[in-house]
Amino acid sequence: MKNIFNQVDESIYSNAMTFLRQPLVNNPVESDADIVVLGLPFDMATTGRSGARMGPTAIRQASVNLAWEGKRFPWPFSLLKHCKIIDAGDLVFSAGDSAHFCQQVETAVGQLLEADKTVLSLGGDHFVTLPILRAYAKKFGTMALIHFDAHTDTYNNGSCYDHGTMFYHAPKENLIDRDKSIQVGIRTNYKAKDHGFSVINAMQANDLSVDEITTLIKERIGNMPVYLTFDIDCLDPAFAPGTGTPVCGGMSTDKILKVLRGLAGINIVGMDVVEVAPAYDNSEITALAAATIALELAHLWAVKHKLR
């Protein structure tokens, strides 16, 4: 008799518990996965509207809209035929204990990297990137950073746990090389000469062509190992209202996806999508944008590491 309880579910509304409906694995270090999706439900470092701790669940739920496609348009290959992806669920840490959260992230990501996995992290507020970078730097050394955001996050606020200070601390800890890093979509007060990053601000990004943007990014990062972090507020609030610190004048999802696809071939070693706050979302469009961007990042990784 056919087991009615063990069927493949291709709907876009039911049994949506993991990213792209990929297996939930509680011992990811021992798996044969290429990419491990790790949820980081943390927003204790938020300075604006809270709620990003609910982001990983919302992104996973939205990702089922993408699971049925098989081969993601317009990529010329089927990701899951070349790359094994699993979902490790959400990181467990002592709620409200930021120091313990940092320790848990660095340990968990470090163990996955030691096992030759790549980590695709789902935030959570943007602070989560700092302990991830600490783990990554232990394996890859100082990296280039591609940072999509409305804010530079280079502010010296005097706080150890603040989602606006990560890229002030990261260069000082030699986790990233500012001279090989670039920020895209910035549209809040900044002085590039003061923080050292190359910046394509939002007005420039909206006026430049996709090819011009990708050329500037590739020239900046060179052949270095790259960590790509995507704050969903890089998108204009029209495309991503569900975030804690929305800023008008951002980029469209269409242009962002074209830019990401244009980066195929870069030596991407790690990636995250952060700052989805579903309580402020409309019709899950922010979560869907985040899930789509995360899927594009997985394709970027596969182009470099699985299709060579």
Side-chain angles (χ1 to χ4, degrees), residues 35 66 71-77 79 82-83 118 120 126 129 133 136 140 142-154 167 176-187 190 192 195-236 238-240 247 249-275 289-308:
I35 294 176
L66 309 170
K71 185 170 74 172
R72 172 68 182 161
F73 179 82
W75 291 97
F77 65 95
L79 176 66
H82 296 274
C83 177
T118 296
L120 169 56
H126 210 161
T129 303
L133 288 175
Y136 260 89
F140 294 99
T142 305
M143 299 167 288
L145 181 77
I146 302 176
H147 173 203
F148 290 87
D149 206 323
H151 314 83
T152 65
D153 296 337
T154 56
F167 306 126
I176 58 175
D177 183 347
R178 279 182 291 203
D179 293 333
K180 292 292 185 178
S181 298
I182 189 165
Q183 300 178 319
V184 183
I186 307 300
R187 53 192 184 279
Y190 75 96
H195 68 55
F197 290 89
S198 177
V199 173
I200 303 174
N201 68 45
M203 291 183 292
Q204 294 167 329
N206 282 323
D207 290 341
L208 292 170
S209 69
V210 170
D211 287 344
E212 288 171 327
I213 294 171
T214 56
T215 296
L216 289 170
I217 294 173
K218 289 179 177 180
E219 288 177 348
R220 181 70 171 182
I221 64 174
N223 296 318
M224 289 190 70
V226 173
Y227 189 91
L228 195 154
T229 180
F230 199 103
D231 186 324
I232 203 67
D233 71 25
C234 180
L235 296 174
D236 189 87
F239 302 94
V247 183
M251 300 173 70
S252 71
T253 48
D254 175 67
K255 192 162 191 179
I256 282 292
L257 294 178
K258 289 174 180 174
V259 168
L260 292 175
R261 292 167 191 151
L263 295 177
I266 65 171
N267 185 21
I268 185 170
V269 296
M271 52 267 188
D272 64 52
V273 182
V274 298
E275 294 284 358
T292 305
I293 289 165
L295 180 56
E296 297 294 320
L297 298 183
H299 279 81
L300 274 187
W301 184 88
V303 167
K304 179 64 178 178
H305 300 283
K306 301 298 286 187
L307 300 182
R308 292 179 297 179

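In this chain, numbering begins with 1 at the start of the sequence shown.
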For residues 259-266, dump all side-chain donor-acceptor pairs below 3.5 Å to protein atoms at least two apart in sequence or in another chain.
{"unit_1": "Arg261", "atom_1": "NE", "unit_2": "Glu296", "atom_2": "OE1", "d": "3.1"}
{"unit_1": "Arg261", "atom_1": "NH2", "unit_2": "Glu296", "atom_2": "OE2", "d": "3.4"}

Exercise for the section: Look at the side chain of Arg178 and the backbone N and O of Ser198, then say whether any donor-acceptor pair between them is shorter than 3.5 Å. Expected result: no

Practice task
Taking the side chain as every heavy atom from C-beta outward, state whether Ile256 and Phe230 have any pair of such atoms under 4.5 Å apart.
Solution key: yes

Problem - Ile293 and Phe148, any side-chain heavy atoms less than 4.5 Å apart - result: no

Exercise for the section: For residues Asn223 and Asn267, determine if any side-chain heavy atom of one lies less than 4.5 Å from a side-chain heavy atom of the other. Expected result: no

Exercise for the section: Would you give the length of the straight line joining atom CD1 of Ile221 to atom CD1 of Ile182, rounded to the nearest 0.5 angstrom? Expected result: 8.5 Å

Completion exercise
Tyr136 and Gly270 have their tightest heavy-atom pair at OH-CA, 3.3 Å

Practice task
Mind checking the CD1-OG1 spacing from Ile232 to Thr253? Nearest 0.5 Å is all I need.
Solution key: 9.0 Å

Handout entry: Full working for side chain to side chain contact (heavy atoms under 4.5 Å, CB included) between Thr118 and Met271
Key = CA-CA 9 Å; Thr118 296; Met271 52 267 188; 4.0 Å; yes

Handout entry: Main-chain N/O of Ile176 paired with Tyr227 side-chain donor or acceptor, under 3.5 Å
Key = no

Exercise for the section: Enter the distance from Thr152:OG1 to Gln183:CD here, rounded to the nearest 0.5 Å. Expected result: 5.5 Å

Exercise for the section: Compare all side-chain heavy atoms of Asp153 with those of Thr129 and state whether any distance is below 4.5 angstrom. Expected result: no

Exercise for the section: State, with a plain yes or no, whether a side-chain heavy atom of Asp149 is found less than 4.5 Å away from one of His126. Expected result: yes

Exercise for the section: Measure the CE-CG distance between Met251 and Leu235 for me, rounded to the nearest 0.5 Å. Expected result: 8.5 Å

Practice task
Run the ring-centre check on His147 versus Phe197 and record whether the distance is less than 6.0 Å.
Solution key: no

Fill in the blank from the handout: Note: Asp179 and Gly196 closest approach over all heavy atoms is OD1-O, 4.4 Å

Exercise for the section: Taking Arg72 for its side chain and Leu295 for its backbone only, find out whether a donor-acceptor pair lies under 3.5 Å. Expected result: no

Practice task
Work out which heavy atom in Val269 is nearest to a heavy atom in Met143; give both atom names and the distance.
Solution key: CG2-SD, 4.2 Å

Practice task
Return yes if a side-chain donor-acceptor contact under 3.5 Å exists between Asp177 and Thr142, otherwise no.
Solution key: no

Practice task
Verify, without hydrogens or angle tests, whether His305 (side chain) and Ile268 (backbone) share a donor-acceptor contact under 3.5 angstrom.
Solution key: yes

Practice task
State, yes or no, whether a side-chain contact exists between Leu297 and Leu300 at a heavy-atom distance under 4.5 Å.
Solution key: yes

Practice task
Answer whether the closest heavy-atom distance between the side chains of Leu228 and Trp301 falls below 4.5 Å.
Solution key: no

Problem - N/O donor-acceptor pair under 3.5 Å between Asp236 side chain and Gly249 backbone - result: yes

Exercise for the section: Go through the structure and list residues passing side-chain hydrogen bond (donor to acceptor under 3.5 Å, both in side chains) with Lys180, not counting sequence neighbours. Expected result: none

Exercise for the section: For Lys258 and Ile213, run side chain to side chain contact (heavy atoms under 4.5 Å, CB included): C-alpha distance rounded to whole Å, both residues' side-chain angles, the deciding distance at 0.1 Å, then the answer. Expected result: CA-CA 10 Å; Lys258 289 174 180 174; Ile213 294 171; over 6 Å; no

Completion exercise
Closest heavy-atom pair, Val273 versus Ala290, reported as atoms and distance to 0.1 Å, is CG1-CB, 3.8 Å

Handout entry: Leu216 side, atom CG; Glu219 side, atom CD - distance, nearest 0.5 Å
Key = 6.0 Å

Exercise for the section: For residues Ala202 and Gly185, report the shortest heavy-atom separation together with the two atoms involved. Expected result: CB-O, 3.5 Å

Problem - Side-chain touch Met224/Phe140, heavy atoms, less than 4.5 angstrom - result: no

Handout entry: Over all atoms of both residues, closest heavy-atom pair of Ala294 and Leu120
Key = O-CD2, 3.8 Å

Problem - Distance (rounded to the nearest 0.5 Å) between His82 NE2 and Phe77 CZ - result: 7.0 Å

